[in-house]
Protein chains: 2
Amino acid sequence: MAPRDTAAVTIYQVAQRAGVSIATVSRVLKKPDVVSPDTRDRVQRAIDELDYLPDGSARSLAARRQETHGLILPELTGAYFAELLAGYESAAAALDQSVMVVLAADKDDIARAARRLATHVDGIAVMGSAGLPDDLVLSLSGRIPVVVVAGAEQPGIEVVRAENTVPARELTGRLLDAGRRSLRFVGDPEAAVDVAHRYAGFVAAHRDRGLEPAPAMVAKFTEEAGVKVAAQLLESSDRPDGLVCANDLLAIVLIDRLQTAGVNVPTDLAITGWDDILAARYLRPRLTSVRQPVRQLAAYAADRLHSRITGDVSDADWGRTHVLPADVVIRDSCGTALPHKEGNLR
Amino acid sequence: MAPRDTAAVTIYQVAQRAGVSIATVSRVLKKPDVVSPDTRDRVQRAIDELDYLPDGSARSLAARRQETHGLILPELTGAYFAELLAGYESAAAALDQSVMVVLAADKDDIARAARRLATHVDGIAVMGSAGLPDDLVLSLSGRIPVVVVAGAEQPGIEVVRAENTVPARELTGRLLDAGRRSLRFVGDPEAAVDVAHRYAGFVAAHRDRGLEPAPAMVAKFTEEAGVKVAAQLLESSDRPDGLVCANDLLAIVLIDRLQTAGVNVPTDLAITGWDDILAARYLRPRLTSVRQPVRQLAAYAADRLHSRITGDVSDADWGRTHVLPADVVIRDSCGTALPHKEGNLR
DNA sequence: TTGTATGCGTTATCAT
DNA sequence: ATGATAACGCATACAA
């Protein structure tokens, strides 16, 4: 254990030890090729011997670049946002960028936290828009580049998201074509644009067939909300024969509660989820869901933001929306799966 | 959308607009009480009008403090590390500290990433020790304060962890006392100290009763490892009557595979997990597990690290190990649960 | 209470 | 190829 409170090694000490100026030390670090091999070696040796690492803030101040991306997430429960974060960090690291994370959950003043974040990073990636003030993204984007992942489109904001309407339409259509006639969508279209798009697909599938869609059963992404919906369903006289849930958590809770109450899933009631979390394959019945290219979304966002920061993307090319495809994964819970022999792993 | 490439507002512009020196502006921000109410208002107005935010790197450089904690996690699959991260960020935010995250997974040179991280933060919290070079923590701690969460104890390193041996001993004892006589532990005691401690509890429970514990069935925390162990069990002639798994994922995979093969859980085979992930309550049988105080672990680590950074904790008081209790959660899968009427939610 | 001036550890622009 | 030296934007010790 090295002694604490030891002043950190600076570029001056390295320079002195190597018998050169600090400019040369800096060059060895940034553009080694413009330094003569001889002195380069000498400097490098001094660096190694002193275990010198340039100070982050000094670098940032002088170079006017933080080499850091900010990441704002609504929360970190469930695998979805965790995977977004992991994918982003991985992609950012590949670009030699650090990642500073802010979670909006249980933060009384997220706007303040976001503004604070903006002073430490070169750009910000905002995951979703749930729980964030409407103007937050816009106000941040006045300061530094902002890319939104799976959130609302806004002028001047780059958006990267997965397909929502198409898979929802396909899934709903599948249930309708199997003869189901009273489907309900479970989720809160007002809470997030993703959910709104999924509901739009649910509606579209009905309209495609000249049917009238029922209104959504509003539920946030929590166990409690799922329990409440289950209770509603069990009380109602005209129970639906299919549920298109806005995420897997809701689907799982619903399956649990309804099965416990004697409802046969999927025979009496077909249920589908969204996100294809790991547990989806371990429930009975196995859960039909939609798999999003989460890591790719994150990586794409990181790449675009970095390009914007470095100036590789001009004003004119900024503010686009990128949509990546998502895949429907058919399993038992929707009642239309073919008999399968494959294993449980993907 | 504000014009891009606009130079950011600096303290000088605020000072000029308010008709004061930059020192006064700085004081209004840091110690408002030492400046007269009159000028304070004037400065504050200028700050608001210009939407001034002090530059992060300049602040850090001058104040010699980053106001940022570094967080190193092995990965982010599964809820455990995600909750640690969430808990840490929350606690750090309460202390007005930012959080910079590095994931060790799929990083070819984690040591380099960690050193890089150290130049941007005031201290580092390392979650676990899996996948990290042995000397990494020690070498980092020579540079800045390091706290380890659920990792190995080392001289000069502060450790915060949950109880492992006690719950494992309790759980194993419970199975033995129920008459089970051929138990196996599933997990890799070599991979992480947590797991080693859990296996120690498994062993202790046997010794307590004059029994000889079987060796652990080595498995990492992956689905594939679980599948492999399941295959081993199905092939073996003398199948155990109980499995104490090092985490819930392994338990879930094992239940799935063994049930599919016709084994009755828990009658033929009792199974327990660890971490009490959400899905544990939605499987059949419901999974007996151990609940760790994850958020508290993280918050405690953040508090300690911050105290160390601010100097509130002296050299002499640094390097301790803090152990928080973990709770055994009895459900159906261990075969010793009482009939229950409670709901599914905690 | 306020202003002046120095320093924080780099990068980068000049000279040489 | 290398060295001086001026920013970078802020905090703070010291003066006033």
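Sequence lines set the chain letters: A, B, ... in the order given, protein chains first and strands last, and positions in each chain run from 1.
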In terms of side-chain heavy atoms of I22(A), which of dT11(C), dC8(D), dC8(C) is nearest?
dT11(C)

Taking the minimum atom-to-atom distance to the side chain of V35(B), which one of dT10(C), dT2(C), dA4(D) wins?
dT2(C)

So, is R64(A) near the phosphate of dA12(C), with a side-chain N or O under 4.0 Å from OP1 or OP2?
no

Within the structure, does a side-chain N or O atom of Y52(A) lie under 4.0 Å from either OP1 or OP2 of dT10(C)?
yes

Residue closer to the 5' end of DNA chain D, A63(A) versus P37(A) (nearest nucleotide):
P37(A)

Per-helix bend value, the helix from dT1(C)-dA16(D) to dT16(C)-dA1(D), C1' rotation axes over five pairs per end, 10° rounding, shows 40°

First encountered from the 5' end of DNA chain C, between G19(B) and K31(A)
G19(B)

Kindly point out which of dG3(D), dA11(D), dG3(C) is positioned nearest to the side chain of A23(A)?
dG3(D)

Base dG3(D) to side chain R27(A), donor-acceptor N/O within 3.5 Å cut-off
yes

OP1 or OP2 of dT4(C) sitting under 4.0 Å from any side-chain N/O of S21(B)?
no

Taken to the nearest whole Å, NZ/K30(B) to C1'/dG9(D) is 14 Å

Ignoring backbone atoms, establish whether T39(A) has a side-chain N or O less than 4.0 Å from OP1 or OP2 of dA1(D).
no

Under 4.0 Å, counting only non-hydrogen atoms across every strand here, what does S60(A) touch: a base, just sugar-phosphate, or nothing?
nothing

